Amino acid sequence: LWHVLNLTGDLDKDTRLTIDATHRWREEAHGDEQQTLRFTIEQTMADGVRIGGGAGVFEAGGLTELRPHQQVVLTKGRFELRTRLEERFF
């Protein structure tokens with residue numbers, strides 16, 4: 001079972017903030033429960049192009065990880081393509 005909360009809002013006409021949180025119930029044999037909290041700030045660079053970054057805190061099986069990330073988002077009509085580079089520290 002996995003609950004997801006995602007909030008997105010504009011800070012100004014070219015800057016977007018996204019906050020997402022999850023809680024995932026898993027069996028202990030599969031890594032136990034997992035909770036995450038992540039924020040991302042994106043800046044519009046051109047029509048259909050956003051770049052951004054942020055960080056997340058991930059807790060699973062009694063371990064805590066910090067994960068900074070950077071991403072590029074390309075949009076065309078109803079389609080959106082995102083690539084994200086995420087580092088892990090635990």
Side-chain angles (χ1 to χ4, degrees):
L1 181 60
W2 199 337
H3 287 112
V4 178
L5 173 67
N6 190 326
L7 302 169
T8 300
D10 294 331
L11 299 177
D12 63 31
K13 71 179 188 85
D14 292 326
T15 308
R16 174 185 293 183
L17 173 65
T18 301
I19 299 171
D20 64 75
T22 66
H23 188 117
R24 184 176 183 184
W25 284 274
R26 299 187 296 185
E27 295 177 2
E28 190 173 333
H30 293 105
D32 208 7
E33 293 186 11
Q34 180 183 50
Q35 299 85 34
T36 68
L37 178 63
R38 181 194 314 265
F39 77 91
T40 304
I41 297 176
E42 296 175 324
Q43 183 74 38
T44 300
M45 301 306 292
D47 189 32
V49 179
R50 297 189 315 266
I51 63 169
V57 178
F58 291 67
E59 293 191 9
L63 298 175
T64 301
E65 294 185 39
L66 302 175
R67 297 185 188 181
H69 65 273
Q70 306 78 41
Q71 65 186 35
V72 176
V73 180
L74 305 173
T75 58
K76 180 75 173 173
R78 293 182 173 196
F79 295 99
E80 184 172 281
L81 174 68
R82 179 189 75 203
T83 184
R84 177 182 285 168
L85 177 63
E86 186 173 90
E87 298 82 31
R88 296 177 68 184
F89 299 93
F90 51 95

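Values in this document were obtained by computation on a predicted structure and should not be read as measured data.
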Determine which pairs satisfy salt bridge (Lys or Arg N to Asp or Glu O under 4.0 Å) with at least one residue from residues 5-15, sequence neighbours left out, and list them in order. none
So salt bridge (Lys or Arg N to Asp or Glu O under 4.0 Å) across residues 49-59, not counting sequence neighbours, yields E42-R50, R50-E80
Does either side chain, that of T22 or that of T36, offer a donor lying less than 3.5 Å from an acceptor on the other one? yes
Is it the case that atom CH2 in W2 sees more than 12 heavy atoms from other parts of the structure closer than 6.0 Å? no
For H69 and A55, which heavy atoms make the closest approach, and how far apart are they? CE1-N, 3.5 Å
Transitive ILVMFWY cluster of L37 at side-chain heavy atoms under 4.5 Å: who else is in it? L11, L17, I19, F39, I41
4.5 Å side-chain heavy-atom contact, L66 and V57: yes
Apply side chain to side chain contact (heavy atoms under 4.5 Å, CB included) to E87 and list each qualifying residue two or more places apart in sequence or on a separate chain. P68, Q70, L85, F89
Can you name the residues that form a side chain to side chain contact (heavy atoms under 4.5 Å, CB included) with R67, not counting sequence neighbours? F58, E65, E86, R88
Just verifying a value: how many Å separate T75 OG1 and R82 CZ, rounded to the nearest 0.5 Å? 13.5 Å
CD (Q34) and NE2 (H23) are apart, to the nearest 0.5 Å, by 9.5 Å
Test side-chain hydrogen bond (donor to acceptor under 3.5 Å, both in side chains) applied to N6 - qualifying residues, sequence neighbours left out: T8
State which residue, out of L74, T44, V73, fulfils the side chain to side chain contact (heavy atoms under 4.5 Å, CB included) condition with V49. L74
